[in-house]
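All remarks here apply to the structure that follows.
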Protein chains: 2
Amino acid sequence: MQLNQATDYAFRAVLYLANNTSQEIIPAQTIADAEEIPMRFLLKIMRSLIQNGIVKSYRGIEGGYALAKLPEEITLLDVVQAVEGPVHLNRCLIDPKYCSKNGADTCAIHEALENIEKNLVSGLRNRNFAELVGKTQNN
Amino acid sequence: MQLNQATDYAFRAVLYLANNTSQEIIPAQTIADAEEIPMRFLLKIMRSLIQNGIVKSYRGIEGGYALAKLPEEITLLDVVQAVEGPVHLNRCLIDPKYCSKNGADTCAIHEALENIEKNLVSGLRNRNFAELVGKTQNN
DNA sequence: TAAAACTATACCAAAAAGGTATACTAAGAA
DNA sequence: TTCTTAGTATACCTTTTTGGTATAGTTTTA
């Protein structure tokens, strides 16, 4: 019942880029050093952010990363989904086949969790990185 | 970012006991059969529910389990915490030492997640087993 | 054309998840 | 009083996930 370490690193990497208001391209090593993220692991995490349209990458000398869209267009949910895939509180919410006998409509627990999950998802969607920028140091 | 299988089983076991309005003592095997939970695994899960005051156990012939309190006094949160321990969205919310450099008060992400977590926890706390009883078959 | 920087794949160790086994204890029935 | 049923306690085990690392390659630009 916890976001994983990769997601936490991703939050911090995205916030680092978002704090860089001059839209400069920032190399992975700079982010890794600033946020104390293992370099090779960060590179791997960045790729899932790229695949989900959250950041862009630039190769070669002077290469690095920048946000692919405005900070206000990137939510915590976007980052979580990019790194971990869809958010589901219980496996019966992924596929009804996990609901031991029947499906959603006959299971009181399923229905209760579905509601709680909806709230969690909208909580994550309601926070974007523009709100987080500048507020504090990003550490 | 998911409750584990043991928690799902625990929900179903507690609901099974709650649906048993006659307050009878029910042996583990009966619950295991009805809810398709591996018997030995269920016994293990039940012990954490006992330790958290959610169910009571009775040994010997005619032994088994019953709720330790009224269904309306048992929330989804109680069961989750009994099985998985405290709910925390991110490790920096468990202990500030996980926050890469400073503590909660200097980290925008920390603060955002803390709020979302509070909502999740109260969502779980707001649903009790009396509401789930009878609503549907417990499967 | 060499060096800097990201990419792609694959691998790996440690921890967690999910469950099983063994031996034991308590309670009631015979 | 002893046998059986049912939970307890502890330890073990296999598989999956987590959190990384390694190797080799590609792109860019000075």
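Residue numbers start from 1 in every chain, and the chains themselves are labelled A, B, ... in the order their sequence lines are given, proteins ahead of strands.
Among dG19(C), dA9(D), dC6(C), the nucleotide with an atom closest to any side-chain atom of Tyr65(A) is dC6(C). Side-chain proximity of Arg47(A) to the nucleotides dG20(D), dT9(C), dG7(D) is greatest for dT9(C). Nearest to the side-chain atoms of Arg40(A) among the listed nucleotides dG7(D), dA21(C), dT23(D) stands dT23(D). Candidate nucleotides dG7(D), dG19(C), dT28(D) were compared by shortest atom distance to the side chain of Arg59(A), and dT28(D) ranks first.
Distance NZ (Lys44(A)) to C1' (dT7(C)): 13 Å, rounded to an integer number of Å. Separating the CD1 atom of Ile45(A) from the C1' atom of dA8(C) is a distance of 16 Å, rounded to the nearest angstrom. Atom CD of Gln2(A) and atom C1' of dA17(C) are 15 Å apart (whole Å). Here dC12(D) presents its P atom at 20 Å from CG of Leu43(B), a figure rounded to the nearest Å. Rounded to whole Å, atom C1' of dA9(D) lies 16 Å from atom CG of Leu42(B). Atom CD1 of Ile26(B) and atom P of dT5(D) are 19 Å apart (whole Å). Atom CZ of Arg91(B) and atom P of dA15(C) are 12 Å apart (whole Å). Look at CG on Asn4(A): it is 13 Å from C1' on dA15(C), rounded to the nearest Å.
At a threshold of 4.5 Å between non-hydrogen side-chain atoms, the residues Ile25(B) and Glu62(B) do not count as touching.
No salt bridge links Glu114(B) with Lys118(B); every basic N to acidic carboxylate O contact stays at or beyond 4.0 Å.
The side-chain contact (heavy atoms from CB on, under 4.5 Å) test with Tyr65(A) singles out one residue from Leu43(A), Ile54(A), Asn20(A), and that residue is Leu43(A).
When heavy atoms are screened at a 4.0 angstrom cut-off, Ile50(A) is found touching the sugar-phosphate backbone but no base atom.
Heavy-atom distances to DNA chain C give each of Met39(B) and Met39(A) a nearest nucleotide, and the one nearer the 5′ end belongs to Met39(A). Comparing Ser57(B) and Ile61(B) by the nucleotide of DNA chain D whose heavy atom lies nearest to each, the residue mapping closer to the 5' end is Ile61(B). In this structure, Glu62(A) and Tyr9(A) both approach DNA chain D, and ranking their closest nucleotides by distance from the 5' end singles out Tyr9(A).
Taking the six-membered ring where tryptophan is involved, the planes of Tyr9(A) and Phe41(A) are perpendicular, since the angle between them exceeds 60° and thus also 30°.
The distance from the CD atom of Glu35(B) to the CZ atom of Arg12(B) is 7.0 Å, given to the nearest 0.5 Å.
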